[in-house]
Amino acid sequence: MRRIAVRLLLAALMAFATCLASAPARAAVPDSPAVTYTNPIAEKRADPHIFKHTDGYYYFTATVPEYDRIVLRRATTIQGLKTAPETTIWTKHASGVMGAHIWAPEIHFIDGKWYVYFAAGATNDVWAIRMYVLEGTGANPLTATWTEKGQIRTQWESFSLDATTFVVNGVRYLAWAQRDPSVNNNTDLYLAKMANPWTITGTPVMLSRPTYSWETVGYKVNEGPAVIQRGGKVFMTYSASATDANYCLGMLTASAGANLLSQASWDKSPTPVFASSAATGQYGPGHNSFTVSEDGKSDILVYHDRGYKDISGDPLNDPNRRTRVQKVYWNADGTPNFGIPVADGVTPQRFSSYNFPDRFVRHYDYRARIEANVTKLADSQFRVVPGLAGSGTVSLESANFPGHYLRHENFEVWLRKNDGSAQFASDASFRQRAGLADPAGVSYESHNYPGRYVRHWEYLLNVQAVSTATDRADATFYGQ
């Protein structure tokens with residue numbers, strides 16, 4: 001009897017193992033689920049900086065087109081900043097230094113106090129731009145008591161701006177843009193350690209000089225540094241060229257364990273990492289900062305741009321730079337991928353496969369498929385918008401081909417331009433369901449063929465009926 005019991009147990013275990021082997025793989029819910037926002041966040045606000053504090057509020061400051069004051073907003077959500085009341089915490093001096101061109105404020109919380117870094121000219125020389133610091137005491141910076149800590153002194157008394165501060169391995173640094181008086185260009189990027197929140201210490205190091213063609217259009221500029229860290233790497237984005245449609249982001253990369261005060265520790269991207277997009281109607285994206293989503297699971301790019309290309313006169317006199325946000329994605333090699341400045345309105349998301357978690361829905365030659373390592377990010381981004389057919393449906397609009405939607409043709413899923421027909425609207429509309437293999441995911445049921453779902457088959461997307469566990473797994477995706 002004992003032998004029979006052992007044999008039965010072994011048979012049961014083997015059957016269970018066989019079931020496990022034949023069952024479709026289950027992906028974990030993504031560490032960074034989808035977050036969406038509606039752009040723009042703020043009209044006529046350039047050089048935006050959004051800081052998420054431990055009190056549950058986002059604090060937002062930016063350059064105002066009058067260049068005469070520093071403003072703050074706060075809200076418990078990023079979207080809430082759009083309608084949050086604005087408070088002026090400081091106004092330019094009536095004469096002398098800090099009397100003109102109040103630019104690019106940033107707000108930070110350091111050792112229990114608030115600090116705002118900004119640039120300003122003087123009433124007798126508006127281009128004598130230097131960096132200054134305000135210190136705020138109080139829990140809420142909108143009502144804090146602010147005092148001027150004075151100018152940040154650097155190696156030269158020259159045009160300097162766009163100070164930002166960050167900590168790596170317990171060391172606080174200041175990065176900024178400044179003109180080297182001995183060089184015929186506008187600004188380079190510099191880095192130094194800090195003795196306190198308004199004083200640098202040691203000899204600054206020049207990290208980057210505008211030499212590439214995309215950094216020197218109109219003006220030879222590297223400015224607006226911003227830092228994001230992940231996976232033992234330090235990424236410093238910066239803005240380049242004139243502040244028109246040529247404005248764009250470059251990026252420097254260093255190991256967090258390297259000597260950051262050595263130019264040799266930093267690798268410079270040979271091409272822009274974020275630039276104008278005629279397809280989405282976004283021009284001159286730049287002077288960014290970084291924040292995190294409300295759930296703390298997504299990195300968010302904050303930047304300004306314009307909704308048109310052609311500017312009459314000096315771009316600095318054009319008031320229409322506006323604050324925008326979109327999610328940062330991360331490549332398989334650990335580098336950030338910013339994609340393109342997305343169209344106004346709701347931001348897009350990506351969809352990963354339930355049973356092939358490293359593969360994302362994308363279009364390639366207009367055919368929809370799932371694929372891994374999609375570094376051309378916008379090919380794998382879609383806006384979930386009200387369905388073209390109405391009736392509670394949704395449609396999936398391409399991020400880099402606005403007006404193009406995923407639709408089925410002979411039950412194959414393609415990216416096609418909306419031709420305005422009722423047939424197109426019906427074929428491009430879906431009912432969004434809880435994931436068939438995991439309710440934390442999402443599945444898309446055809447509007448005009450109920451019971452058929454978008455699923456991958458040999459990595460291509462089709463609209464098919466589902467019946468088996470494998471079918472349901474193939475038809476389940478996670479928004480990211």
Side-chain angles (χ1 to χ4, degrees), residues 12-34 348-374 379-389 391-398 404-416 423-480:
L13 289 172
M14 290 180 64
F16 180 66
T18 301
C19 289
L20 286 178
S22 60
R26 178 191 172 103
V29 175
D31 293 333
S32 179
Q349 53 187 293
R350 304 178 86 192
F351 295 95
S352 60
S353 166
Y354 167 86
N355 47 359
F356 291 89
D358 65 332
R359 290 179 176 264
F360 289 84
V361 174
R362 70 157 309 170
H363 59 83
Y364 185 83
D365 285 343
Y366 299 105
R367 184 68 165 95
R369 64 190 68 213
I370 60 169
E371 192 171 295
N373 299 320
V374 184
D379 282 359
S380 64
Q381 290 180 291
F382 299 89
R383 302 205 307 171
V384 181
V385 298
L388 299 177
S391 302
T393 63
V394 299
S395 294
L396 301 173
E397 183 182 17
S398 168
H404 290 64
Y405 298 83
L406 294 182
R407 71 166 296 185
H408 62 81
E409 295 177 350
N410 298 319
F411 303 119
E412 297 177 344
V413 180
W414 292 78
L415 185 72
R416 297 299 193 203
Q423 184 66 56
F424 186 98
S426 190
D427 290 349
S429 295
F430 304 89
R431 298 198 179 276
Q432 188 168 282
R433 308 295 193 191
L436 298 179
D438 180 0
V442 63
S443 295
Y444 289 101
E445 183 183 15
S446 170
H447 166 65
N448 50 356
Y449 287 90
R452 287 180 174 261
Y453 288 81
V454 176
R455 59 87 56 96
H456 62 82
W457 175 260
E458 295 183 346
Y459 305 128
L460 297 177
L461 292 191
N462 300 278
V463 170
Q464 295 179 352
V466 296
S467 57
T468 68
T470 297
D471 294 343
R472 291 189 288 273
D474 290 352
T476 301
F477 305 90
Y478 291 116
Q480 293 196 35

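Every value quoted in this text rests on a predicted model; they were computed, and no experiment measured them.
- A donor atom on one side chain and an acceptor atom on the other are not found under 3.5 Å apart for Ser353 and Arg359.
- Phe351 meets the ring-ring contact (aromatic ring centres under 6.0 Å, His included) test with Tyr444; sequence neighbours excluded.
- In this view, Ser426 and Asn448 satisfy the side-chain hydrogen bond (donor to acceptor under 3.5 Å, both in side chains) rule, not counting sequence neighbours.
- Between the Ser429 side chain and the His447 main chain, no donor and acceptor come within less than 3.5 Å of each other.
- Using a cutoff of 4.0 Å between basic side-chain nitrogens and carboxylate oxygens, Arg431 and Glu445 are not scored as salt-bridged.
- The distance from atom CG of Leu461 to atom NE2 of His363, rounded to the nearest 0.5 Å, is 12.0 Å.
- Relative to the six-membered ring of Tyr453, Arg433 misses at least one condition, a distance below 6.0 Å or an angle of at most 45° to the axis.
- Atoms NE2 and CZ, from His456 and Arg369 in turn, are 13.5 Å apart once rounded to the nearest 0.5 Å.
- Proximity of a side-chain donor or acceptor of Asn410 to a complementary backbone N or O of Glu412 within less than 3.5 Å is not detected.
- Here the CG atom belonging to Leu406 is positioned 11.5 Å from the NE2 atom belonging to His408, to the nearest 0.5 angstrom.
- In this structure, Phe411 places its CZ atom where more than 12 heavy-atom neighbours from other residues, nucleotides or ligands lie under 6.0 Å away.
- The two residues Ala425 and Ala389 come nearest to each other via the heavy atoms O-CB, 3.7 Å.
- In this structure, CH2 on Trp414 lies 6.0 Å from CZ on Arg367, to the nearest 0.5 angstrom.
- Among Asp474, Val442, Val29, Thr476, the single residue meeting the side chain to side chain contact (heavy atoms under 4.5 Å, CB included) criterion with Tyr354 is Thr476.
- Geometric assessment of Arg416 against the ring of Phe424 yields a negative cation-pi assignment under the 6.0 Å and 45° thresholds.
- Counting only distance, with no hydrogens or angles, the side chain of Ser395 and the backbone of Ala428 share a donor-acceptor pair below 3.5 Å.
- With sequence neighbours left out, the side-chain contact (heavy atoms from CB on, under 4.5 Å) criterion links Ser467 to Asp471.
- Rounding to the nearest 0.5 angstrom, the gap separating the CD atom in Glu371 from the OH atom in Tyr364 is 8.0 Å.
- Here the straight-line distance linking atom CG of Asp31 with atom CD of Gln480 works out to 8.5 Å at 0.5 Å rounding.
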